[in-house]
Amino acid sequence: MVGRTGFNRGIWRDWRSWPARVAGLWRSSLQFRTVTITVALSGVAIMVVGVYVSVSVGNDLFQSRLNQVLVESNRATTAAQGIFDASDAADRVEVQTLVGSARTLITAASSSQLIAIFRAPGQDASTVAPQDSSSFGASTGVITSDLRVQVQENRGEQFWQSVTLATDDGGQVPGIVVGSQLTVPVAGHYELYIGYSLADAEATLGFVQRTLGIAGLVLVLLVGAVTWIVVRFVVTPIRVAAATSQRLASGDLGVRIPEKGEDVIATLARSFNGMADSLQSQIKELADLSEVQQRFVSDVSHELRTPLTTIRLAGDVLFDHRSTFPPAVERTAELLHAQVERFELLLSDLLEISKYDAGSVQLETEPTNLVHLAEDAIDGLRSLGDSKGTVLTLVAPGGHLDADVDPRRIRRIMHNLIGNAIEHGEGKPIIVSVDSNESAVALSVRDYGLGMSQAEIAHVFDRFWRADPSRKRTIGGTGLGLSISLEDAAVHGGWLQVWSHPGEGSCFRLTLPRTARGTLTSSPSPLPPADAAGGTGRSETGGHYA
Ligand code: ADP
């Protein structure tokens, strides 16, 4: 036995997936769709034409054969009747001989072997009259009584009917039986039936039908092939245009479609390229503009630093001597000191964010223990917490707590998150937790203060955004803290996310990969926090993912 190849076996085993594959091809390939529709429609058209041609050829063949048959049978009948009319046969033997020779004549004139001669009923019995004879054999039954009645009642006329004749080999062929009357001397009236086979005509029709079928099939295949080639000519440039626009949409602004010729495809290519040119130049303009803006912010911040340092020094002198001033001036010196401090803070935040915008941030990573960083950050903010009556707790269950991070930036994030929690925590306890797994470390800062609404969460990482700018501030936030923290987290390949709900407090979670080039798939800390009312459903509505 010849074994089937693995490839074939695969195809046959996959037959269940065929409809889905064809449906997929139908949806995705314009070429396949066009070729299928064209082949189907031209197939139907060719079939209709084929059936029409076959039916009319069949009718024509039958009609011409019938005419020929009628002429031949008429000729045979007339010749036989001529013999009878000219004969003077009088006894049984003579009549018998006469009928025999008439039969031979009929066979010769009609070119048919199927001949039946029956004595017409309703005549007196005669001893001279020859017996009925038939060479129809198994097909004698095709001479129906209807035909016989018509022949018996209409002397001198021909009648015919379509029949099915049995062949010697047991098959069947279509045929025609023609009947007429003869008058035999002395013996009376006889019915003559001559059978003709239409096997030749049927064979011709079969040949015509086969030829039509093959020609139709070849035509459909040719139409399919031609359509495939034509559609390919049209679809290929469209496919190139689609691929190019996809690349353009994904940010590759330099791609263009080759422009060839003057036709509609060339027009499409030209207008597409024109569009891409203007898009590219506009984006370049915007990029230039944004670069100018970034440089402006950076330059202004740098320029402001020197005068600010001088102001700061002068302010410090005034602040140190405030007790010697009259009360109104003393208050002014304090105010000046506080605002200069705020100004410095804002300036350093601006410089930091302009570094991120310029893409010039360099990470200085080193193996760092996040628990130690968190302890330092909490210690640094403890006095602020005490002033608000806030208890700061660190929860660190242990594990792989070292991570390759830039400690300065992570410290800044922690300082910002814990500072915010104290600011907005309404004096309630704050829990800072550090947790880890093999691939990531996470720090969450949970407070039970004001919390934020869904709309506020959507903006919490925006630059200069504050939920309530008039809210009393202790550490004088700039509104840039969380946006810098977000950049700090992102530059580590980490996440900074928040869950919050008005009245229930907030939880900010920082997740960092433990290695410099690691990627995150999950975080060791839960968000929403485990103690969040309303369960985990809150994460979609209350969560913000950086
Ligand atoms: P800043 O704290 O300097 O105003 P941030 O970017 O750190 O700027 O925070 C932006 C705003 O987000 C804050 O003004 C505050 O309205 C809101 N926010 C931040 N953290 C919390 C928190 N833990 N609880 C409630 N609101 C918060």
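Each ligand, and each atom within it, is numbered from 1 in the order the structure gives.
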(message) Would Ser506 count as a contact residue for ligand 1, given that I'm defining contact as a non-hydrogen atom of the residue lying under 4.0 Å from a ligand atom?
(response) yes
(request) May I ask whether Phe461 places a heavy atom under 4.0 Å from ligand 1? (result) no
(request) Could you see which bit of Glu423 sits under 4.0 Å from ligand 1, with heavy atoms only: side chain, backbone, both or neither? (result) neither
(message) Is the contact between Arg466 and ligand 1 made by the side chain, the backbone, both, or neither, using heavy atoms and a 4.0 Å cut-off?
(response) both
(request) Mark yes when over 12 heavy atoms from residues, nucleotides or ligands other than Phe296 sit less than 6.0 Å from its CZ; otherwise mark no. (result) no
(request) Over 60° means perpendicular and under 30° means parallel, so classify the ring planes of Phe32 and Trp26, tilted if in between. (result) perpendicular
Near [X], which atoms of ligand 1 are under 4.0 Å from a heavy atom of that residue?
X	value
Asn416	7 (O)
Trp465	10 (C), 11 (C), 12 (O)
Gly479	1 (P), 3 (O), 4 (O), 6 (O), 8 (O)
Val460	12 (O)

(message) Has Asn416 got a side-chain atom pairing as donor or acceptor with Gly481's backbone, closer than 3.5 angstrom?
(response) yes
Charged N-O contact under 4.0 Å between [X] and [Y]:
X	Y	value
Glu334	Arg322	yes
Glu487	Arg412	no
Lys284	Asp288	yes

(request) Could you say whether the N/O atoms of Leu482 and ligand 1 ever approach to under 3.5 Å? (result) yes
(message) Is there a polar contact between ligand 1 and Asp447, counting only N or O atoms under 3.5 Å apart?
(response) yes
(message) What I'd like to find out is whether the side chain of Asp488 reaches to under 4.5 Å of the side chain of Tyr356, using heavy atoms alone.
(response) yes
